Amino acid sequence: MKALFETTITNTGGRDGSVSSPDNIFYLDVAKPKALGGETTTASNPEQLFAAGYSACFNSALELILDKDKIEYKSSEVIATVSLYSDKEDGGVKLGVKLEVTIEGVEQEVALEYAHKAHNYCPYSKAINGNVEVEVITN
């Protein structure tokens, strides 16, 4: 299969390190959140990075489908909340995601329909399907 796009990010130091692209256009310090035993910091964490990527990808999929179907709307917003939960199966942790989708200028029924269409289309949603519980709600 031929890739349409690819990118590379390197982590050093795990949750207490950094992530960067080979050209250093993307660079962030990462740290454990205080809730997981880390110190108060302005550094990001893997869950924030996942939420940022997922919300941007999901909203792009949503707008693409709305535009393709010629649905008139004013704007769209996706808020992704990524949570860590205890995993009773292996004693570790697992992810959960809540996606709050707002499409200004359409009825609630239409917003819900297109949020679900975007969930079926979004590459992040496809990648985690069956592995991460995702709740999609509309405002």
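All of these numbers come straight from a predicted model, not from anything done at the bench. The basis for the numbers below is simple: all heavy atoms, side chains too, and nothing from hydrogens, waters or symmetry mates.
Cluster annotation: I137 is not connected to I103 through the hydrophobic network of ILVMFWY side chains, with a link wherever side-chain heavy atoms come within less than 4.5 Å. By the rule that hydrophobic residues join a cluster once side-chain heavy atoms approach within less than 4.5 Å of another member, I9 and L49 end up as members of one cluster. V97 and I79 end up in different hydrophobic clusters when Ile, Leu, Val, Met, Phe, Trp and Tyr side chains are linked at under 4.5 Å. Linking ILVMFWY residues whenever their side-chain heavy atoms come closer than 4.5 Å, directly or via other members, places L62 and L64 in the same cluster. There is a path of hydrophobic side-chain contacts, each under 4.5 Å, that joins F50 to L36.
With sequence neighbours excluded, no residue forms a side-chain hydrogen bond (donor to acceptor under 3.5 Å, both in side chains) with D90. Shown here are the salt bridge (Lys or Arg N to Asp or Glu O under 4.0 Å) partners of K94, two or more places apart in sequence or in another chain: there are none.
In this structure, K117 NZ and D69 CG are separated by 4.5 Å, a value rounded to the nearest 0.5 Å. Atoms NZ and OG1, on K34 and T40 in that order, are 3.5 Å from each other to the nearest 0.5 Å. For the atom pair E135 CD and H119 NE2, the distance stands at 10.5 Å (nearest 0.5 Å). Note that the NE2 atom of H116 and the OG atom of S125 stand 11.0 Å from one another [nearest 0.5 Å]. To the nearest 0.5 Å, atom CG of residue D87 and atom OH of residue Y85 are 13.0 Å apart.
Around atom CD of Q108, more than 12 heavy atoms belonging to other residues, nucleotides or ligands sit under 6.0 Å away.
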Verdict with reasoning, D29 to S18, per side chain to side chain donor-acceptor pair (under 3.5 Å) = CA-CA 4 Å; D29 290 325; S18 65; 5.1 Å; no
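The aromatic rings of Y124 and Y54 lie parallel to each other, with less than 30° between the two planes, well short of the 60° mark.
Within the 3.5 Å criterion, the main-chain N or O of N24 finds no donor-acceptor partner in the side chain of S20. In this structure, Q48 contributes its side chain and N45 its backbone to a donor-acceptor pair below 3.5 Å. Judged purely by atom type and a 3.5 angstrom limit, S86 has no side-chain atom pairing as donor or acceptor with the backbone of K88.
V134 has its side chain within reach of V136: a pair of non-hydrogen atoms, C-beta onward, lies under 4.5 Å apart. At a threshold of 4.5 Å between non-hydrogen side-chain atoms, the residues V101 and F58 count as touching. Contact check for V78 versus E100: no side-chain heavy atoms found under the 4.5 Å cut-off. Counting heavy atoms from C-beta outward, V19 and Y27 have side chains that stay 4.5 Å or more apart. A 4.5 Å side-chain heavy-atom check between V30 and N11 finds at least one atom pair inside the cut-off.
Residues A31 and A43 come closest through the heavy atom pair CB-CB, 3.8 Å. In terms of heavy atoms, D23 sits closest to S21 at OD1-OG, 2.5 Å. Shortest non-hydrogen contact noted between L95 and V132 is O-CG1, 3.4 Å. A80 approaches S55 most closely through the heavy-atom pair CB-CB, 3.8 Å.
Between E47 and R15 there is a salt bridge, with a side-chain nitrogen of the basic residue lying less than 4.0 Å from a carboxylate oxygen of the acidic one.
Inspection of the S76 and E104 side chains reveals no N or O donor paired with an N or O acceptor under 3.5 Å.
Note that K126 lies in the cation-pi zone of Y121, set by a 6.0 Å cut-off to the ring centre and a 45° limit from the axis.
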